[in-house]
Protein chains: 2
Amino acid sequence: MCGEVDRPIEKDDANTSVVLDMSSDNSLEEACCALESLYDDIDVDETVTALTERRRDGSTIDGQTTVFGALANEHRVRALEALREGELCACELQIVLEAPQSTVATHLRTLRDAGLVKTRKKGKWTYYRVADTAVFDLLDLGAAVDVPESE
Amino acid sequence: MCGEVDRPIEKDDANTSVVLDMSSDNSLEEACCALESLYDDIDVDETVTALTERRRDGSTIDGQTTVFGALANEHRVRALEALREGELCACELQIVLEAPQSTVATHLRTLRDAGLVKTRKKGKWTYYRVADTAVFDLLDLGAAVDVPESE
DNA sequence: ATCTCATATTGGGTTATTCCGATATAACGT
DNA sequence: ACGTTATATCGGAATAACCCAATATGAGAT
């Protein structure tokens with residue numbers, strides 16, 4: 001009863017970052033079955049198209065996942081929190097993080113690659129500062145989310 | 001030349017989420033060497049204590065990393081973006097995400113565990129909505145960060 | 001009760017992250 | 001030049017995250 005659906009494939013090539021191969025599975029078909037019974041008198045194709053348009057530009061999403069990925073680590077969040085009161089050099093951050101030098105250096109690299117911190121070199125020392133105060137807003141919003149316990 | 005340092009160990013037990021064993025490496029010693037030469041007339045112990053106090057409460061950081069971890073995935077960001085215009089049921093999100101049913105269900109579980117979405121059951125269908133509009137602020141801030149290219 | 005369908009969970013193979021010792025680089029002092 | 005010191009990068013083992021087919025659960029419908 002759940003037949004063919006005109007797939008709205010690639011109206012724009014913006015979503016190239018999606019690396020999923022839809023040609024050999026039946027995910028869309030299955031989902032459309034559910035759709036058909038969800039609303040009784042609808043044009044399924046039209047609904048699918050509307051849902052498709054809820055997708056955002058792929059490059060934006062790439063940036064978002066890079067940023068959130070950089071924030072998804074205790075050491076890195078701790079480092080950023082320490083930078084609230086101003087810049088610190090790598091050796092100071094090493095004390096804050098209580099971790100070996102190479103570990104700290106790697107985390108700082110990740111933060112820099114994500115655009116969250118910027119560096120300033122002075123002689124042998126490298127000073128790290130938050131790239132933008134928006135980073136603190138991110139940290140605050142992340143801390144404000146009420147994460148349900150257990151699981 | 002870089003000798004012993006009074007470690008300000010565990011003045012409060014709040015940082016119990018740090019699972020690092022400092023007893024068998026020399027990270028602190030190394031970092032303090034750098035500190036000594038960074039400022040020429042300082043009380044190193046005092047400086048270490050000050051840096052130690054830049055640390056935040058561990059439970060807060062746990063929540064932050066859980067939230068950011070949930071946001072650090074293309075499928076999940078895409079799902080949240082789709083929910084900007086209102087709630088959707090799982091089968092609709094399946095169409096948006098172009099992924100198999102079990103994959104979508106798992107991602108939605110992750111978002112729920114992080115407190116980013118809430119669910120409403122109506123018969124056989126489960127409707128997902130964003131738990132708080134602050135989630136959109138998070139997404140927007142994450143998208144606004146200027147991620148340097150290459151690497 | 002039984003069947004169907006929407007969604008959730010499980011198992012496990014694949015890939016990505018994390019950690020950290022070892023080594024490399026780069027800037028200062030002598 | 002050389003040694004020293006602060007930081008960065010490499011290698012690879014341990015750990016976590018991801019994807020998805022198969023299976024389980026739970027709410028109608030018959």
Side-chain angles (χ1 to χ4, degrees), chain A residues 1-2 18-22 24-27 29-38 40 65-66 68-76 88-95 97-114 119-128 151, chain B residues 1-2 18-22 24-27 29-38 40 65-66 68-76 88-95 97-114 119-128 151:
Chain A
M1 102 181 20
C2 290
V18 178
V19 203
L20 299 166
D21 178 33
M22 290 292 292
S24 64
D25 68 31
N26 55 352
S27 345
E29 270 65 32
E30 289 180 58
C32 289
C33 289
L35 266 190
E36 274 186 16
S37 49
L38 183 50
D40 25 271
T65 53
T66 300
F68 293 128
L71 291 167
N73 175 278
E74 179 167 337
H75 278 136
R76 295 194 292 267
L88 291 172
C89 76
C91 71
E92 292 172 309
L93 284 163
Q94 188 177 338
I95 291 171
L97 297 186
E98 308 176 274
Q101 186 271 323
S102 69
T103 300
V104 174
T106 305
H107 284 306
L108 294 175
R109 184 67 152 95
T110 303
L111 288 172
R112 204 161 74 114
D113 287 345
T119 57
R120 170 175 77 87
K121 295 213 70 166
K122 172 132 185 188
K124 289 186 287 190
W125 290 273
T126 309
Y127 289 89
Y128 286 82
E151 73 213 54
Chain B
M1 103 180 23
C2 292
V18 178
V19 201
L20 299 166
D21 178 32
M22 291 291 294
S24 63
D25 68 31
N26 53 354
S27 346
E29 268 65 33
E30 290 178 56
C32 289
C33 288
L35 266 191
E36 274 186 15
S37 49
L38 183 52
D40 25 271
T65 53
T66 300
F68 293 129
L71 291 167
N73 175 277
E74 180 167 336
H75 278 136
R76 293 193 293 265
L88 290 172
C89 75
C91 71
E92 291 171 310
L93 284 163
Q94 189 177 337
I95 291 171
L97 297 187
E98 308 176 273
Q101 185 271 324
S102 68
T103 300
V104 173
T106 305
H107 284 306
L108 293 174
R109 184 60 148 105
T110 302
L111 289 172
R112 204 162 74 116
D113 286 345
T119 58
R120 171 174 77 87
K121 295 214 69 165
K122 172 130 184 191
K124 290 187 284 191
W125 290 273
T126 309
Y127 288 89
Y128 287 81
E151 76 210 56

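The chains referred to below are lettered A, B, ... by the order of the sequence lines, with proteins before strands, and numbering in each begins at 1.
- Taking OG1 of A/Thr103 as the reference point, atom CD of A/Glu98 lies at 12.5 Å (rounded to 0.5 Å).
- B/Arg112 is not listed as a side-chain neighbour of B/Leu108, based on a closest heavy-atom distance of 4.5 Å or more.
- Separating the OG1 atom in A/Thr110 from the CG atom in A/Asn73 is a distance of 8.0 Å, to the nearest 0.5 Å.
- Ring orientation note: the planes of B/Phe68 and A/Phe68 are close to parallel, at an angle under 30° on the 30°/60° scale.
- Residue B/Ala70 comes nearest to B/Leu111 through the heavy atom pair O-CD2, 4.0 Å, listed as atom of the first residue, atom of the second, then distance.
- To the nearest angstrom, C1' of C/dA8 lies 16 Å from CH2 of B/Trp125.
- Considering only side-chain N and O atoms, A/Thr126 lies nowhere under 4.0 angstrom from the phosphate OP1 or OP2 of D/dA6.
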Pairs: protein N or O with nucleotides 13-18 of chain C N or O, under 3.5 Å:
{"residue": "C/dT18", "atom": "OP1", "partner": "A/Arg76", "partner atom": "NH2", "Å": "3.0"}
{"residue": "C/dT18", "atom": "OP2", "partner": "A/Arg76", "partner atom": "NH1", "Å": "3.3"}

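- A/Cys89 SG to A/Lys124 NZ: the interatomic distance, rounded to the nearest 0.5 Å, is 11.5 Å.
- At whole-Å resolution of the value, CZ in B/Arg120 and P in C/dT7 are 12 Å apart.
- Minimum interatomic distance between A/Val104 and A/Gln94 (heavy atoms only, all atoms of both residues): CG2-CA, 4.0 Å.
- Look at CD on A/Gln94: it is 11 Å from P on D/dA8, rounded to the nearest Å.
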Can you pull every protein N or O that's under 3.5 Å from an N or O on nucleotides 11-16 of chain D?
none

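- The side chain of B/Cys91 lies closest to C/dT7, out of C/dT7, D/dA8, C/dC20.
- Using a 4.0 Å cut-off, no side-chain N or O of A/Arg109 falls inside it from OP1 or OP2 of D/dA8.
- Here the CD-CH2 distance, from B/Glu92 to B/Trp125, works out to 10.5 Å after rounding to the nearest 0.5 Å.
- Rounding to whole angstrom units, CD of residue A/Glu92 and C1' of D/dT7 are separated by 14 Å.
- Phosphate proximity of C/dA8 to B/Tyr128: present, with a side-chain N or O under 4.0 Å from OP1 or OP2.
- In this structure, the OH atom of A/Tyr127 is 13 Å from the P atom of D/dA8, given to the nearest Å.
- How far CG of A/Leu93 is from NE2 of A/His75: 11.5 Å, rounded to the nearest 0.5 Å.
- In terms of heavy-atom proximity, B/Gly69 sits nearest to B/Arg76 at O-NH2, 3.1 Å.
- Rounded to a whole Å, the CD atom of B/Glu74 is 15 Å from the C1' atom of D/dA17.
- In this structure, the CG atom of B/Leu108 is 11 Å from the P atom of C/dT9, given to the nearest Å.
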With B for base contact, S for sugar-phosphate-only contact and - for none (protein heavy atoms under 4.0 Å), nucleotides 22-30 of chain C reads B----SS--
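- Contact annotation for B/Ala90: backbone-only contact, meaning every heavy-atom pair under 4.0 Å involves sugar-phosphate atoms and none involves a base.
- Here OG1 of A/Thr66 is found 11.0 Å from CG of A/Leu71. Values are rounded to the nearest 0.5 Å.
- The two residues A/Glu74 and B/Thr65 make their nearest non-hydrogen contact at N-CG2, 3.4 Å.
- Taking atom CG on A/Leu93 and atom P on D/dA8, their separation rounds to 10 Å, with Å as the unit.
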